[in-house]
Amino acid sequence: MSGLVRAAWRLPGAAAAGRGRAGRALSQAGTGTGGDGGGAEGGGSGSGSREAVERLVRAHPVVVFMKGSPAQPLCGFSNAVVQILRLHGVEDYRAHDVLQDPDLRQGIKNYSNWPTIPQVYLNGEFVGGCDILLQMHQNGDLVEELKKLGIRSALLDAEKDQDKK
């Protein structure tokens with residue numbers, strides 16, 4: 001199945017994604033750049049404030065900030081993230097459409113210190129964008145990370161079915 005995703009999404013950064021998980025360990029992710037609040041009016045109450053983003057990131061075990069919605073992604077990279085999660089059978093996750101809220105769009109970039117959307121968070125920790133999630137899917141790391149969240153990847157069941165044939 002990973003061949004389907006690989007063939008459908010020729011990502012220019014996928015080969016360079018070997019640095020792993022946004023280039024840093026999960027425990028180091030989301031440390032941001034510090035004090036400017038970047039784009040959030042009033043410093044702490046807007047949808048793009050660090051506190052508001054923190055609440056969204058921690059509200060569910062799997063959170064995706066994307067362009068559009070899972071039912072209607074509005075960019076190829078957001079669509080790829082949705083398809084990867086779907087392949088693994090992850091249906092229960094929170095998706096936030098950053099195109100609906102410019103403050104949130106900038107706020108999430110400041111929060112993660114990552115310039116692009118989509119952004120994926122597992123258990124409140126920044127994993128990376130589409131290229132990182134694709135790499136994790138291809139090398140099996142995503143199955144392991146989902147397992148830590150108590151989510152059994154549907155790909156494990158698909159492999160079992162293949163073995164029975």
Side-chain angles (χ1 to χ4, degrees), residues 13-14 17-71 73-75 77-156:
R19 60 193 173 273
R21 286 210 190 116
R24 57 188 176 267
L26 279 176
S27 62
Q28 296 173 332
T31 56
T33 56
D36 70 353
E41 300 293 328
S45 60
S47 60
S49 72
R50 184 160 191 82
E51 294 79 14
V53 171
E54 178 88 19
R55 281 192 300 274
L56 293 175
V57 162
R58 298 205 178 275
H60 197 270
V62 181
V63 179
V64 179
F65 294 87
M66 61 183 292
K67 294 177 181 176
S69 68
L74 296 177
C75 83
F77 298 110
S78 292
N79 186 42
V81 165
V82 168
Q83 295 305 321
I84 291 167
L85 292 174
R86 189 172 292 149
L87 280 171
H88 286 270
V90 179
E91 295 176 8
D92 183 20
Y93 62 95
R94 298 296 178 268
H96 299 280
D97 181 357
V98 300
L99 296 178
Q100 298 297 316
D101 188 343
D103 287 340
L104 177 59
R105 184 177 187 174
Q106 187 57 49
I108 195 62
K109 291 177 182 182
N110 293 342
Y111 180 82
S112 64
N113 197 25
W114 192 257
T116 59
I117 304 293
Q119 292 187 16
V120 178
Y121 290 78
L122 299 178
N123 232 13
E125 298 190 61
F126 179 58
V127 173
C130 176
D131 57 343
I132 303 298
L133 198 68
L134 179 60
Q135 178 191 15
M136 291 173 69
H137 164 70
Q138 290 172 335
N139 68 20
D141 287 349
L142 186 55
V143 170
E144 294 304 313
E145 291 299 321
L146 292 173
K147 189 184 298 183
K148 291 176 187 176
L149 301 176
I151 300 171
R152 179 175 170 79
S153 172
L155 292 181
L156 294 175

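Using a 4.5 Å heavy-atom cutoff, the side chains of H88 and V143 are in contact. Here the side chains of H96 and L56 are in contact, with some heavy-atom distance below 4.5 Å. Two residues are said to be in side-chain contact when any heavy atoms from C-beta on lie closer than 4.5 Å; Q138 and L134 meet this criterion. Residues D141 and Q135 fail the side-chain proximity criterion, which asks for heavy atoms closer than 4.5 Å. Put simply, the side chain of V127 does not reach to within 4.5 Å of the side chain of E145, judged on heavy atoms.
How far CG of L155 is from CD1 of I84: 10.5 Å, rounded to the nearest 0.5 Å. To the nearest 0.5 Å, atoms CE (M66) and CD (Q119) are separated by 13.0 Å. One distance of note links SG of C130 with NE2 of H137; it measures 11.0 Å at 0.5 Å rounding. Annotation: the span from L142 atom CG to E144 atom CD amounts to 10.0 Å, rounded to 0.5 Å. Remark: Q106 CD to S47 OG distance equals 11.5 Å, nearest 0.5 Å. Separation of atoms CZ (R105) and CG (D97) is listed at 9.5 Å; rounding is to 0.5 Å.
The two atoms that bring L149 and P61 nearest to each other are CD1-O, 3.9 Å, heavy atoms only. When every heavy atom of S78 is checked against every heavy atom of P73, the shortest pair comes out as C-CB, 4.2 Å.
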Exercise for the section: Please step through side-chain contact (heavy atoms from CB on, under 4.5 Å) for the pair L122 and V62, ending with a clear verdict. Expected result: CA-CA 5 Å; L122 299 178; V62 181; 3.9 Å; yes
Practice task
Could you walk me through whether L133 and F77 pass side-chain contact (heavy atoms from CB on, under 4.5 Å), step by step?
Solution key: CA-CA 10 Å; L133 198 68; F77 298 110; over 6 Å; no
Exercise for the section: Take V120 and L85 through the side-chain contact (heavy atoms from CB on, under 4.5 Å) test and state the conclusion after the steps. Expected result: CA-CA 10 Å; V120 178; L85 292 174; 5.6 Å; no
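Residues passing the side chain to side chain contact (heavy atoms under 4.5 Å, CB included) test with T116 are W114, sequence neighbours excluded. Residues that satisfy the side chain to side chain contact (heavy atoms under 4.5 Å, CB included) test with R58, not counting sequence neighbours, are E54. Remark: V57 engages V53, F65, I108, Y111, Y121 in a side chain to side chain contact (heavy atoms under 4.5 Å, CB included) (not counting sequence neighbours).
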